[in-house]
Amino acid sequence: MKPIIFKIDPDAIDRALIRQAARAIKEGLLVAFPTETVYGLGANALDADAAARIFEAKKRPLDDPLIVHISDRKDLEKLVRKVSPAAEGLIRRFWPGPLTLIFEKTDVVPDIVTTGLDTVAVRMPAGRIALSLIAEAGVPVAAPSANLFSRPSPTTAQHVVDDLDGAIDILIDGGRTRIGVESTVVGFSGDETVILRPGGVSAEEIKPLVKRLVVAGSKKDISSSPGRYATHYSPKAKVMIAEEGPDQVKIALDLAAKCIVGGRKVGVMAKKEHAAFYKDLDVEIMGPEKDLGHCASELFHILRHFDKKGKDVIIAEAVREIGLGFAIMNRLRKAAS
Ligand code: TXA
Ligand code: MG
């Protein structure tokens with residue numbers, strides 16, 4: 001069954017359409033919707049059967065837990081046992097926004113949502129469509145990214161259709177998402193605040209607010225971040241990374257030359273400053289080197305664009321691993337592994 005598509009302008013929200021989508025959620029159906037990070041595939045988080053349909057639609061393994069989305073701080077109380085001072089500080093600073101926090105769960109949250117864990121991931125998104133949908137539904141909304149498992153996350157409604165056409169009931173098209181990479185997932189362990197997945201809120205922004213910040217999944221250890229699957233965010237094309245440094249362009253050009261000699265179709269994802277060096281190749285610009293927010297917002301978009309063009313190989317320029325650059329490189333390394 002094709003999804004019913006509701007086109008909604010985030011700056012002039014059509015309440016009647018939101019009400020209809022919210023009713024679908026309450027009835028146990030699947031509704032894909034935009035958040036400020038990526039599109040989510042939503043279902044009533046308190047309904048185990050509805051949550052099970054999410055895993056089915058995405059072909060997601062049953063040991064990869066979902067994020068529960070709320071629209072009001074008060075909704076947190078019934079989902080979690082306690083909110084530590086560290087969590088409280090992060091909530092005050094970053095919600096609504098691209099930050100997911102891990103808490104001990106209450107029995108209200110069905111086991112399938114957390115894949116049997118004692119903890120639940122909760123986030124209050126900042127996107128207006130997401131917030132009004134959740135508020136109108138009157139229930140927390142479980143929503144992973146609305147892509148097929150292991151594919152790059154969707155940043156447009158078309159991406160959702162490309163992956164999940166036939167598996168969802170309603171798709172809210174609210175245009176392109178602003179941030180373009182997923183939320184930062186943060187857990188707590190004793191005195192430590194742990195970044196489990198880098199994302200829309202950077203480590204630098206979190207650090208001043210907590211006692212001790214630990215980042216799981218450094219450059220050499222990408223498998224320790226949750227999602228827990230090394231291959232992730234993958235386009236169909238093979239991704240190769242040209243690392244940062246004075247030789248970056250040369251490395252990328254050499255890789256491209258080798259692939260082309262081997263008869264493979266190559267796309268290059270480059271920083272704006274380097275674009276001219278690749279003028280004889282098919283190049284897409286991530287953004288200016290200094291504007292890592294812009295680069296992040298283009299990342300999944302470009303990977304999917306090159307897939308549609310039937311590329312065999314995507315050569316991606318690495319960016320500096322600071323701010324949002326850390327999330328970008330985490331996704332790129334997983335896509336390349
Ligand atoms: O920006 C986002 O976070 C998007 C939008 C739709 O909100 N959602 C998203 O969900 O990216 P998903 O399912 O693709 O990623 C959820 C991540 C996974 O890496 C999962 O392992 C982790 O959150 N996670 C969920 N529950 C967890 C838990 N109890 N403990 C540790 N990690 C958890
Ligand atoms: Mg995902």
Side-chain angles (χ1 to χ4, degrees), residues 30-43 45 51 54-55 57-71 79-81 94-106 109-127 129-131 133-134 140-155 159-160 163-164 172 174 177-189 194-201 216-217 222-234 296-297 300 324 327 330-331 334-335:
L30 296 186
V31 177
F33 61 97
T35 77
E36 79 280 28
T37 56
V38 300
Y39 274 74
L41 178 58
I54 292 179
F55 287 89
K58 276 184 63 97
K59 301 192 169 55
R60 181 178 176 109
L62 285 164
D63 60 356
D64 195 356
L66 307 177
I67 296 173
V68 175
H69 296 69
I70 58 175
S71 61
L79 301 173
V80 312
R81 290 200 186 284
F94 296 111
W95 278 10
L99 179 72
T100 296
L101 298 173
I102 310 293
F103 302 93
E104 266 177 75
K105 82 174 194 78
T106 61
V109 184
D111 284 337
I112 185 155
V113 169
T114 63
T115 63
L117 297 174
D118 300 334
T119 54
V120 60
V122 185
R123 156 164 127 87
M124 190 195 294
I129 291 173
L131 281 175
L133 176 67
I134 300 161
V141 174
S145 48
N147 50 289
L148 278 175
F149 176 69
S150 92
R151 296 269 300 143
S153 291
T155 54
H159 294 164
V160 179
D163 274 22
L164 297 176
I172 299 179
T177 62
R178 181 169 58 81
I179 295 176
V181 289
E182 304 86 342
S183 63
T184 303
V185 179
V186 166
F188 303 93
S189 167
V194 186
I195 295 186
L196 298 168
R197 176 180 74 179
V201 173
I222 55 169
S223 61
S224 68
S225 57
R228 272 166 259 149
Y229 295 86
T231 318
H232 225 319
Y233 314 109
S234 315
S297 74
F300 291 141
L324 276 180
N330 168 272
R331 306 304 187 270
K334 288 198 175 195

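First listed ligand is number 1; within each ligand, the first listed atom is number 1. Computed from a predicted structure; not experimentally measured.
- A donor-acceptor contact closer than 3.5 angstrom links the side chains of T35 and R123.
- Heavy-atom contacts of S145 reach the following atoms of ligand 1: 8 (N), 9 (C), 10 (O), 12 (P), 14 (O) (cutoff under 4.0 Å).
- Residue contacts with ligand 1: T35 is placed with no nitrogen or oxygen under 3.5 Å of a nitrogen or oxygen of the ligand (distance criterion only).
- Using a 4.5 Å cut-off on side-chain heavy atoms (C-beta onward), V68 and V141 make no contact.
- Annotation for ligand 1: atoms under 4.0 Å from non-hydrogen atoms of T119 are 28 (C), 29 (N), 30 (N).
- When each atom of ligand 1 is checked for a heavy atom of L117 under 4.0 Å away, the hits are 28 (C), 29 (N).
- The aromatic rings of F188 and F103 are tilted relative to each other, their planes meeting at an angle between 30° and 60°.
- V122 and W95 get closest at one heavy-atom pair: O-CZ2, 3.3 Å.
- With ligand atoms numbered from 1 in the order given, ligand 1 contributes 25 (C), 26 (N), 27 (C) to contacts under 4.0 Å with heavy atoms of A121.
- Defined by atom type and a distance below 3.5 Å, a donor-acceptor pair is present between the side-chain atoms of E182 and S153.
- Near L66, meaning under 4.0 Å from one of its heavy atoms, ligand 1 places the atoms 25 (C), 26 (N).
- Ligand 1 has an N or O atom lying under 3.5 Å from an N or O atom of R60, backbone or side chain.
- Remark: ligand 1 atoms within the under-4.0 Å shell around heavy atoms of D64 are 18 (C), 20 (C), 21 (O).
- The distance from the Mg ion (ligand 2) to the nearest N/O/S atom of S153 is not under 2.8 Å.
- In terms of modelled atom types and a separation under 3.5 Å, the side chain of R60 and the main chain of D64 share a donor-acceptor contact.
- Although no hydrogens or angles enter the test, the distance criterion places a donor-acceptor pair under 3.5 Å between the side chain of K58 and the main chain of S145.
- In the model, S150 has no side-chain atom that pairs as donor or acceptor with a side-chain atom of S234 under 3.5 Å.
- Taking only nitrogen or oxygen atoms, main chain and side chain alike, S183 reaches within less than 3.5 Å of ligand 1.
- The distance from ligand 1 to the heavy atoms of V38 drops below 4.0 Å at these ligand atoms: 4 (C).
- For atom 11 (O) of ligand 1, the choice among R197, E104, K105 with the nearest heavy atom turns out to be R197.
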